[in-house]
Amino acid sequence: MSATQPRRILIAEDEPKLAALLRDYLTASGFDASCVSDGLRVVPEFRRSNPDLVILDLMLPHRDGLEICRELRTFSTVPIVMVTARVEEIDRLLGLELGADDYVCKPFSPREVVARIKAILRRATRGPAAAGGLTIDADRHRAEFEGVALELTPVEFRLLSTLAAAPGRVFSRARLMENLYPDHRIVTDRTVDSHVKNLRRKLEKVSQAHEAIQSVYGLGYKLEL
Ligand code: CA
């Protein structure tokens, strides 16, 4: 028995048998698992229960997993495991840079999924939310770098959260723009560049040890911690 609180897993899956199977496996492995089947209910349920990880089916009624994943990523770095029924779909999903942490194809072995979840949570405990001196508190909209609180605008906070969700991963400007402005406001690449510049300046004020936000020529930006 562990003295710590069980980790909470939110299962967004509309196939009742599959959802129940996952929930049972996760519960048996010591997790606190709950299910939601309607796409429209995932984000409200996430905000209510604040889970440690989300298993997100791509095809949900009323709202698809892509949209849900994107919305979650505008305010949270929670680990997301994306589930799809088609293995060919995974390449396309990877190309969309959704910021999911892992992809699983149906039919899957629940045992395998539980193993992957454990591995992701082990990584998440060490970071990346607190990797390389950077700590992001998505709930409070606060970020610290080397122990110093950063004074960020909401857009800068989203920018930093997006990059920090996957350190080392290159995010295109188009992808960043989508996350910065969920209302799909039209902004130019230069807008993204200027937010990056401001965010960089704030990080450099705390530590000039290395350039945390790096430009990747012709591609976009990445965070190196
Ligand atoms: Ca489904």
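We count ligands from 1, going down the list as the structure has it; atoms in each ligand are counted the same way.
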Salt bridge or not between R116 and D102? Use side-chain N to carboxylate O under 4.0 Å. yes
Please tell me whether T162 and R169 have a donor and an acceptor in their side chains that are separated by less than 3.5 angstrom. no
A correct count of protein N/O/S atoms found below 3.0 Å of the Ca ion (ligand 1) gives 3
Please determine whether a side-chain nitrogen of the Lys or Arg among R142 and E151 lies less than 4.0 Å from a carboxylate oxygen of the Asp or Glu. no
Would a line drawn from the ring center of F108 to the ring center of Y103 be shorter than 6.0 Å? no
Identify whether the distance between the nearest side-chain nitrogen and carboxylate oxygen of R201 and E204 falls below 4.0 Å. no
Show your working on salt bridge (Lys or Arg N to Asp or Glu O under 4.0 Å) between E13 and R23 and close with a plain yes or no. CA-CA 10 Å; E13 170 61 67; R23 190 192 55 216; over 6 Å; no
